[in-house]
Visitor: 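Let me begin by handing over the structure; questions about it come next.
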Amino acid sequence: MISKSVNSSVVRKLEELRAEYEHLAEQMNRSEVASDATRIVELTRAHGRLRSLMEPYARYRALVRDLENGRGILDDPAADADLKALAAEEIAELEPRADALMDELCRLLVTSDDAAITSIILEIRAGTGGQEAALFARDLYTM
């Protein structure tokens, strides 16, 4: 479970990314951008990278909205006792789901930069050690 202070900073970052995601979608819908093939490919890639974060974040926002509605019913003194019992059950069910989704979002935020790496250059040199080092370097290369 993530602390509330970390949770709020993660939500702040996700809101920034959501604004960027929506801006990219708006840009892609413009006719002058759609006619520029290189620009639309660039925007589509950036939009696609953010989609993996924004879809779980949309689910998280819906859960939080449902939790707030349930808490509002519990806090309402005029609400029916049966309705309050249903709201309490719903809150008990939604809180663990929201926490699990926040954990997933944190993991996605941390690993999103690593997932963006699509290729690397690796140099293998034999170094000192003569023929054994050269054989080892070749074995590494073939792996």
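For the numbers below, each heavy atom of this structure counts, side chains included, while hydrogens, waters and symmetry mates do not.
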Visitor: Please report the closest heavy-atom contact between Leu105 and Tyr60, naming both atoms and the distance.
Guide: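 What the structure gives for the nearest pair is CD1-CB, 3.8 Å.
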Visitor: Does Glu68 pair with Arg65 as a salt bridge, N-O distance under 4.0 Å?
Guide: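 No, Glu68 and Arg65 are not salt-bridged.
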Visitor: Does the pair Glu90/Arg71 count as a salt bridge with the N-to-O cut at 4.0 Å?
Guide: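 No salt bridge links Glu90 with Arg71.
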Visitor: Within the structure provided, determine whether Leu24 and Thr44 are in side-chain contact (heavy-atom separation under 4.5 Å).
Guide: no
Visitor: Rounded to the nearest 0.5 Å, how far apart are CZ of Arg12 and CD of Glu16?
Guide: 8.0 Å
Visitor: Would you say that Glu20 contacts His23 through its side chain, given a criterion of any heavy-atom pair below 4.5 Å between the two side chains?
Guide: no
Visitor: Cluster question for you: counting only ILVMFWY and a side-chain heavy-atom cut-off of under 4.5 Å, with indirect links fine, are Leu74 and Leu83 together?
Guide: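 They do not share one cluster, since no chain of ILVMFWY contacts under 4.5 Å joins Leu74 to Leu83.
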Visitor: Just do the salt bridge (Lys or Arg N to Asp or Glu O under 4.0 Å) check on Glu15 and Arg18 with the steps written out, would you?
Guide: CA-CA 5 Å; Glu15 280 298 318; Arg18 186 173 69 90; 2.8 Å; yes
Visitor: Measure the spacing between CE of Met54 and CZ of Arg61 and express it to the nearest 0.5 Å.
Guide: 9.5 Å
Visitor: What are the two closest non-hydrogen atoms of Tyr57 and Leu14, and how far apart are they?
Guide: CD1-CD1, 3.5 Å
Visitor: Taking Glu32's backbone N and O only, do any of them form a donor-acceptor pair with Asp36's side chain (distance below 3.5 Å, no angle check)?
Guide: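 The answer is no, because no donor-acceptor pair under 3.5 Å joins these two groups.
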Visitor: Is the closest side-chain heavy-atom distance between Arg39 and Gln27 below 4.5 Å?
Guide: yes
Visitor: Using 0.5 Å steps for rounding, measure from the OH atom of Tyr21 to the CZ atom of Arg49.
Guide: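 It is 13.0 Å, given to the nearest 0.5 Å.
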Visitor: Indicate yes or no: at least one non-hydrogen side-chain atom of Leu108 is less than 4.5 angstrom from one of Glu104.
Guide: yes
Visitor: Check whether Lys84 reaches the backbone of Asp76 with its side chain - one donor and one acceptor, N or O, closer than 3.5 Å.
Guide: yes
Visitor: Tell me whether Phe136 shares a hydrophobic cluster with Ile124, the cluster being built from Ile, Leu, Val, Met, Phe, Trp, Tyr side chains joined at under 4.5 Å.
Guide: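 Result: yes, single cluster for both.
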Visitor: For a quick test of reading the model, state the closest non-hydrogen atom pair linking Ala87 to Gly70 and the distance between them.
Guide: CB-O, 3.7 Å
Visitor: Is any NZ, NE, NH1 or NH2 atom of the basic residue among Glu26 and Arg30 found under 4.0 Å from an Asp or Glu carboxylate oxygen of the other?
Guide: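 Not counted as a salt bridge, because no side-chain N and carboxylate O are separated by less than 4.0 Å.
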Visitor: If I compare all heavy atoms of Pro56 with all of Arg51, which pair ends up nearest, and what's the gap?
Guide: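 Nearest pair, atom of Pro56 first, then Arg51: CD-O, 4.3 Å.
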Visitor: With rounding to the nearest 0.5 Å, note down the distance linking CD1 in Ile40 to NE2 in His47.
Guide: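 Ile40 atom CD1 to His47 atom NE2 measures 10.0 Å (nearest 0.5 Å).
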Visitor: Heavy-atom distance under 4.5 Å between the side chains of Met102 and Val11, does that happen here?
Guide: yes
Visitor: Could you check whether Arg97 pairs with Glu93 (Lys NZ or Arg NE/NH1/NH2 to Asp/Glu carboxylate O, under 4.0 Å)?
Guide: yes
Visitor: Find out if a path of hydrophobic residues (ILVMFWY) with successive side-chain heavy-atom gaps under 4.5 Å connects Leu63 to Leu86.
Guide: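 They do not share one cluster, since no chain of ILVMFWY contacts under 4.5 Å joins Leu63 to Leu86.
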Visitor: Which pair of non-hydrogen atoms, one from Val10 and one from Cys106, has the smallest distance, and what is that distance?
Guide: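 Where Val10 meets Cys106 most closely, the heavy atoms are CG2-SG, 3.6 Å.
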